[in-house]
**Q** 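Have a look at this one.
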Number of protein chains: 2
Amino acid sequence: MSKQELPIVQTTSCCTSPQSAPLGEGQAVELAAIFKALGDPVRLRLLSLIAAAEADKGVCVCELTPAFELSQPTISHHLKLLRQAGLVGSERRGTWVYYWLRPEVTDRLASLLARPANEWQAEPAAQAS
Amino acid sequence: MSKQELPIVQTTSCCTSPQSAPLGEGQAVELAAIFKALGDPVRLRLLSLIAAAEADKGVCVCELTPAFELSQPTISHHLKLLRQAGLVGSERRGTWVYYWLRPEVTDRLASLLARPANEWQAEPAAQAS
DNA sequence: AACATGAATAGAAGAACGTCAATACAACCT
DNA sequence: AGGTTGTATTGACGTTCTTCTATTCATGTT
């Protein structure tokens, strides 16, 4: 049970099958899973709290849970979904577990949404300055 | 029944209640609704097809439906969700209905995701060039 | 006016989701 | 070793979502 799920996205994506259609089925499934993780108010607020922390430090779950009027298992569940989507990473430090943002993934989504008129195809992640 | 739903987002958002927390509850609900609309492979592909078209022309539903192995009502339903999220606009031209992208909304999401370490707060829409 | 075609709506069935209470696991501290 | 605190997992319940078939609405044509 100590299996750590792999993130859905590989930012170094090697295209699935760039046929003719823009955004192939495979990529659509992959991206939709990430957007679905963002499609909940609690998870969005969690992510914003996590993103607000210093990247290398991370945020303790013990700081996140009391920010919501939800049970601790519910918060834990949402954090798990964010992690499975690849949006955050997590690590245990002593008694506490810390979560941090993975900007590669959010950047990928941002670059995808930023130029919708252009290419929605596979994009080898943003190489922003 | 001829009521045209209003998009969820008003890009000229007048802040709900910028308290202390990053991304207030209200904004989280609002944004999550948009991300949820993106959280389905079919809708993502629909959006990419719509985005690929010339902005002022739009895409006919009659071109979108045969691109999927789904029933016509199902496609119609997904298009409705994209429209309710404010991601696309639609218009009837004679026998056919056309859909087009609303870049203001996708741009807003992009700018939100692009700088997660910075401010997730209310953002008066991107004022791109 | 009747008909044909494109698109939206209504209603239903099954799967997936969000939440909780209860429990299990992990690490620290006597 | 036993107890305490922080976090994750399990199982259940009600809601929401995706999809379908059947039907209705809208427009254009004969």
Side-chain angles (χ1 to χ4, degrees), chain A residues 1-5 8 25 28-29 31-47 49-50 58-85 87-100, chain B residues 1-5 8 25 28-29 31-47 49-50 58-85 87-100:
Chain A
M1 297 309 176
S2 62
K3 192 181 61 161
Q4 175 96 339
E5 307 87 348
I8 299 174
E25 169 118 27
V29 171
L31 288 168
I34 310 177
F35 281 122
K36 187 179 294 184
L38 295 173
D40 181 272
V42 175
R43 287 195 293 272
L44 268 188
R45 288 174 60 200
L46 278 171
L47 197 65
L49 288 172
I50 294 172
V59 186
C60 178
V61 175
C62 61
E63 296 178 64
L64 295 173
T65 303
F68 300 83
E69 294 192 343
L70 292 170
S71 69
Q72 175 266 318
T74 296
I75 298 300
S76 187
H77 174 240
H78 284 303
L79 288 172
K80 182 180 184 178
L81 294 186
L82 286 175
R83 183 163 35 87
Q84 288 178 327
L87 288 161
V88 301
S90 70
E91 182 192 26
R92 172 158 230 136
R93 291 204 281 270
T95 307
W96 302 279
V97 176
Y98 290 79
Y99 282 76
W100 60 86
Chain B
M1 297 307 174
S2 62
K3 192 181 61 160
Q4 175 95 339
E5 306 88 347
I8 299 173
E25 169 118 26
V29 171
L31 288 169
I34 309 177
F35 281 122
K36 186 180 294 183
L38 294 173
D40 180 273
V42 176
R43 287 195 291 273
L44 267 189
R45 288 174 60 200
L46 278 171
L47 197 65
L49 287 172
I50 293 172
V59 186
C60 178
V61 175
C62 60
E63 297 179 61
L64 296 173
T65 304
F68 300 83
E69 294 192 344
L70 292 170
S71 69
Q72 174 266 318
T74 297
I75 299 299
S76 187
H77 174 240
H78 284 303
L79 288 171
K80 182 180 182 179
L81 293 185
L82 287 175
R83 183 161 38 89
Q84 287 178 329
L87 288 162
V88 301
S90 71
E91 181 192 26
R92 172 158 228 137
R93 291 205 280 269
T95 307
W96 301 279
V97 176
Y98 290 79
Y99 282 77
W100 60 86

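All chains are named by letter (A, B, ...) in the order of the sequence lines, taking the proteins before the strands, and each is independently numbered beginning at 1. It should be emphasised that the depicted structure is a prediction, and the values quoted were computed from it without experimental measurement.
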**Q** Look at the side chain of A:T95 and decide which nucleotide, out of D:dT18, D:dA8, D:dG6, has an atom nearest to it.
**A**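 Of all the options, the side chain of A:T95 is nearest to D:dG6.
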**Q** Among the nucleotides C:dA8, C:dG18, D:dT7, which one has an atom lying closest to any side-chain atom of A:R43?
**A**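 When the side chain of A:R43 is considered, C:dG18 is the closest of C:dA8, C:dG18, D:dT7.
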**Q** Where the side chain of A:K80 is defined as all heavy atoms beyond and including C-beta, which of D:dT18, C:dA26, D:dT9 is the nearest nucleotide?
**A**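 Closest of the options to the side chain of A:K80: D:dT9.
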**Q** Which listed nucleotide (C:dA7, C:dG6, C:dT19) is nearest to the side chain of A:H78?
**A** C:dT19
**Q** From C:dG6, D:dC20, D:dA8, pick the nucleotide closest to the side chain of A:P73?
**A**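 Side chain of A:P73 sits closest to D:dA8.
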**Q** Under 4.0 angstrom, heavy atoms only, what part of the nucleic acid is A:L81 near: base, sugar-phosphate, or nothing?
**A** sugar-phosphate
**Q** So A:L70, base contact, sugar-phosphate only, or nothing? Heavy-atom distance under 4.0 Å.
**A**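 Result for A:L70 = sugar-phosphate.
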**Q** By nearest nucleotide on DNA chain D, pick out whichever of B:H77 and B:R92 is the more 5' one.
**A** B:H77
**Q** Roughly, in whole Å, what's the span from CG in A:L79 to C1' in C:dC17?
**A**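 The distance from CG of A:L79 to C1' of C:dC17 comes to 17 Å, rounded to the nearest Å.
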**Q** Tell me the interatomic distance from B:D40, atom CG, to C:dA15, atom P, rounded to whole angstroms.
**A** 17 Å
**Q** In whole angstroms, how far is the C1' atom of D:dG6 from the CD1 atom of A:I75?
**A** 14 Å
**Q** Which atom pair, heavy atoms only, marks the closest approach of A:L82 to A:L47?
**A** CD1-N, 4.3 Å
**Q** A:C62 side chain: which of C:dT19, D:dT7, D:dC20 is closest?
**A** D:dT7
**Q** Would you mind classifying the nucleic acid contact of B:R93 as base, sugar-phosphate or nothing, using non-hydrogen atoms under 4.0 angstrom?
**A** nothing
**Q** Please tell me if A:K36 has a side-chain N or O lying less than 4.0 Å from either OP1 or OP2 of D:dC17.
**A**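 False: A:K36 side-chain N/O out of range (4.0 Å or more) of D:dC17 OP1/OP2.
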**Q** Please report the shortest heavy-atom distance between A:W96 and A:C62, naming the atom on each side.
**A** CD1-SG, 3.8 Å
**Q** What's the closest nucleotide to the side chain of B:Q72 if the choices are D:dT18, C:dA8, C:dT19?
**A**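 Looking only at side-chain atoms, B:Q72 lies closest to C:dA8.
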**Q** Please find the pair of heavy atoms, one from B:L64 and one from B:F68, that lie closest to each other, and give the distance.
**A**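 The pair with the smallest heavy-atom distance is O-CD1, 3.3 Å.
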**Q** Separation of A:F68 atom CZ from C:dC20 atom P, in whole Å?
**A** 12 Å
**Q** At under 4.0 Å between heavy atoms, what does A:Y98 touch on the DNA or RNA strands: base, sugar-phosphate, or nothing?
**A** nothing
**Q** Between A:Q84 (CD) and C:dC17 (P), how many Å, whole number?
**A**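 Computing the A:Q84:CD to C:dC17:P distance gives 10 Å.
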**Q** The side chain of B:T74 is closest to which nucleotide in this list: D:dG28, C:dA8, D:dT19?
**A** D:dT19
**Q** Whole-Å distance between D:dG6 C1' and A:Y99 OH?
**A** 12 Å
**Q** What's the shortest heavy-atom distance between B:L87 and B:A37, and which atoms?
**A** CD1-CB, 4.0 Å
**Q** Looking only at non-hydrogen atoms, find the nearest pair between B:V61 and B:P66 and report the distance.
**A**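 Looking at all heavy atoms of both residues, the closest pair is O-CD, 4.3 Å.
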